[in-house]
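Notes follow once the structure below has been shown.
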Protein chains: 2
Amino acid sequence: MNYLNENGSGSVNDLVDITNSSTATVRRDLTHLESKGFLKRFHGGATVDQMEQEEDYSEKSVKNLSKKLKIAQKAAELIEDGDTIFIDAGTTTYEMMPFIKASNITVVTNSITLIDQLVRNGHNTHVLGGKVKPSTKAVVGHDVIEKLKTLSFDKCFVGVNAIDIHHGYTTPDEDEAYIKRTAVEQARRAFVLADSSKFERSAFVKFAGVEEAVIITENENHPFLEKIDDRTTIIGGGVSDLYSDI
Amino acid sequence: MNYLNENGSGSVNDLVDITNSSTATVRRDLTHLESKGFLKRFHGGATVDQMEQEEDYSEKSVKNLSKKLKIAQKAAELIEDGDTIFIDAGTTTYEMMPFIKASNITVVTNSITLIDQLVRNGHNTHVLGGKVKPSTKAVVGHDVIEKLKTLSFDKCFVGVNAIDIHHGYTTPDEDEAYIKRTAVEQARRAFVLADSSKFERSAFVKFAGVEEAVIITENENHPFLEKIDDRTTIIGGGVSDLYSDI
DNA sequence: TTATATATGATTGACTTTGATTGAATTGGG
DNA sequence: CCCAATTCAATCAAAGTCAATCATATATAA
């Protein structure tokens, strides 16, 4: 990581020389570090994301243990080659970026922040038009909804503020709730990214009922999930296993 | 890509020499990069479709930067309190940002790059929706045009690649030309930002005739301006004086 | 100490990238 | 309008790179 941070990238052979270890070990470590989001592999070597290049390794280690990244990674793994997806504006959805492995995907978003990352990673990116909300740099407004209604997605990924059996998925901002609602409606399969602190709470505006989307969370054993688990709405630890049943 | 971004374009043979690889590999890579939207191929080489031709790297000194800044500053000073304006994607228009002093303005743009600055400076910002072009992070496509047609602006500011009496304002990219054309049509007053190196040249697609917009440039004594000066189309040194006559 | 888990490095066959060659397509000068 | 030169995409074999497997070595825990 020191070498990569200094040079931006390096070949497998470079790293073999530097670390006095075998190609097998280097490859294994690269695979592992990539899964944690520290670097991005390419055929023959690996790079670090230039934007985060400065960031301290240990600092990110701590960050990486966070629930948010786990959830983001699980979400990103659900994206398949050729998918057309909607990604909502939000901090958790933002963390999905480095984990998206699928190719040939089309991504629609209302988040200005996400676009940089999407474009840099070579994804076909579309932005919804409208007023830019200064606080979150999310695009909101009537036009967003109107445009969304003309689109359909294989999957959609939205953040959420609170989940409750009776109130469903809720969020405090009305504009953003409408967008989430419409996105969920237009997607064949909707995913809500939520860490367990969001469970059994509710916010101002409901955008969908609990059964209308799959919850992606970090702790599949949370008591709240038992109440709503009808075998199809939770993705916990083993992502692919559970998802294959859906 | 580094080479193309610095030089605007390059032949396959140039790229073979630079990368120490075969023509087959260069061609393959060009095909791939074009499919991702990072460049545009032509017979014998490729270009990055920049909004405005980047000048020679050696020449791109303080002097030329200040040209751009002078133009940007003049343009920014034309914006008045309460205006609703369109700002085109482009490097010169980007430089306007720090000079915008007016308050209570509404800015519409198709440039993802501009949004950050606009929002940070507290302007009411709207983005046009559509496909994001990777090379320039400009939003393009049919939706952009359709939406533009429903709006009207007090003023619009667009970049240009070349200006010529017969061909008017021209730019190499067709998609972006349509956007500029529509923006100019929808504005009560249109301004084209162009340093004098753009004069008496022409690019592929015309988006307006010389008389349809006011040229903002750094050198009001350039011979080309005499040919087209009908007392209303040039803003040179004393910005406010000339503009007050319009 | 033993047993249990984890990390390493060599080997393998599969996959990817590369560059030379070919014949087709494009270009510009006569 | 044709011809020669150049550029092109397609093909193929060689080189390079990959993940998976296995046996060995090292660390950790009881």
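Lettering follows sequence order; numbering is per chain, from 1.
- In this model, a donor atom of one side chain and an acceptor atom of the other lie less than 3.5 Å apart for B:T19 and B:S21.
- For the residue pair B:R41/B:T31, the side-chain donor-acceptor check at 3.5 Å is satisfied.
- Mapped onto DNA chain D by nearest heavy atom, A:T31 and B:T31 fall at different nucleotides, with B:T31 at the one closer to the 5' end.
- Side-chain contact check for B:D173 and B:T171: no donor-acceptor pair (N or O, by modelled atom type) lies under 3.5 Å.
- Rounded to a whole Å, the CZ atom of B:F42 is 13 Å from the P atom of D:dA9.
- Using a 3.5 Å distance cut-off with no hydrogens or angles, the side chains of B:T91 and B:K68 do pair a donor with an acceptor.
- No side-chain N or O of B:S11 forms a donor-acceptor pair with one of B:N13 less than 3.5 Å apart.
- Of the side-chain N and O atoms in B:N13, none sit less than 4.0 angstrom from OP1 or OP2 of D:dT6.
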- At under 4.0 Å between heavy atoms, which parts of nucleotides 7-20 of chain C does protein reach? Answer with one letter per nucleotide, 5' to 3': B base, S sugar-phosphate only, - none. -BBB-----SSBBB
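- Rounded to whole angstrom, the span from the NE2 atom of A:H32 across to the P atom of C:dT6 amounts to 12 Å.
- Contact between the side-chain N/O atoms of A:R41 and the OP1/OP2 oxygens of D:dA19 is found at a separation under 4.0 Å.
- Within 6.0 Å of CG in A:D81 there are more than 12 heavy atoms belonging to other residues, nucleotides or ligands.
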